[in-house]
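From a predicted model like this one, the values you see are computed outputs, not experimental measurements. All residue numbers refer to positions in the sequence shown, counting from 1.
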Amino acid sequence: MDFSQILKDYPFTTELHAHSFPVSACGDFPAEEVVNIYAAAGVRSLVLTNHLTPNNCNEGADYYLEDYRKAREAAGDRINVILGVELRFTENTNDYLIYGVCEEDIKNFIELIPYGIDNFYKAAKTERNVIIQAHPFRKGIELASEDSIDGIESFNMHPAHNSRVGIGARYAKLSGMLATGGSDFHHQNHHALCLMRTQNELKTSYDVADAIKSKNVVFDCSGHIIIPYIY
């Protein structure tokens, strides 16, 4: 297979999973520096998926959005900064990545945190968004019902966690669910470990959701190409 042709056919790179400090307390870099790191790496679009959890939701929507707004201001025309969310409920330690969102959605998401993923999916699922369970096969994580998610993050490349990528890839194939991948960026030199490649440039959160739903994507893990929907 001519992988050089795949890179030509899918030239636009997007990071689907990245965090900034202080909104994600586990991150090492402020939003402006995250932008600088990804822009320097030549990544075209960066989805900032900061944690929205029972621990920080009481700070309010404006606090949550502050890093995203700073990142957009810092980006200029160097890179597309896109809003995403990594959401956790009070019921367990599962995390869910939401794409196809706008700033106005955050207040509603905060209000739904006490009610769990099943209720969230019923209340917040739309034709425009995608709800993905993040790293569902890590230790301590419970696999959500297929009725309450659209897919799973099969290829989570966080170096400090065993996300059992092989199990995730097999589960996505057997279930027929959507599969995504991301670097889960928090720390020095952990950026751009897994990027989504698309034929068209992604500029908005809705573009990202549409690309994931289309299945017309490949994943680029430091030059190693994953074609998730051809078996």
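Connection of Y99 to Y206 is not established within any shared hydrophobic cluster, with ILVMFWY side chains joined at heavy-atom distances below 4.5 Å, either directly or through further cluster members. There is no path of hydrophobic side-chain contacts, each under 4.5 Å, that joins F12 to I225. Residues M177 and I141 fall into different hydrophobic clusters, defined by Ile, Leu, Val, Met, Phe, Trp and Tyr side chains chained together at heavy-atom separations under 4.5 Å.
Note: H186 and H158 have tilted aromatic rings, judged against thresholds of 30 and 60 degrees for the angle between ring planes.
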Pair Y96-F120, ring pair (Phe, Tyr, Trp, His ring centres under 6.0 Å): steps then yes or no: CA-CA 11 Å; Y96 302 91; F120 178 84; 8.0 Å; no
Audit row: Y64, F109, ring pair (Phe, Tyr, Trp, His ring centres under 6.0 Å) steps and yes/no: CA-CA 11 Å; Y64 179 81; F109 291 177; 9.1 Å; no
Ring pair (Phe, Tyr, Trp, His ring centres under 6.0 Å) between H161 and H135, intermediate numbers included: CA-CA 9 Å; H161 292 281; H135 41 71; 7.2 Å; no
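Donor-acceptor pairing under 3.5 Å is recorded for the side chains of S20 and N50. Under the 3.5 Å distance criterion, with hydrogens and angles disregarded, no donor-acceptor pair is assigned to the side chains of E59 and N56. Using modelled atom types, one finds a donor on one side chain and an acceptor on the other under 3.5 Å when comparing Y121 with D150.
Here CD1 of I152 is found 6.0 Å from OG of S175. Values are rounded to the nearest 0.5 Å. From N216, atom CG reaches atom CG of D9 across 9.5 Å, with rounding to the nearest 0.5 Å. The distance from the OG1 atom of T93 to the CD atom of E142 is 7.5 Å, given to the nearest 0.5 Å.
Residues I132 and I149 form no side-chain contact, since every pair of their non-hydrogen atoms from C-beta on lies 4.5 Å or further apart. N162 places none of its side-chain heavy atoms less than 4.5 Å from the side chain of R138.
Pairing each heavy atom of F155 with each of C194, the nearest pair is O-SG, 3.9 Å. Across every non-hydrogen atom of R69 and D62, the tightest pair is NH1-OD1, 3.4 Å.
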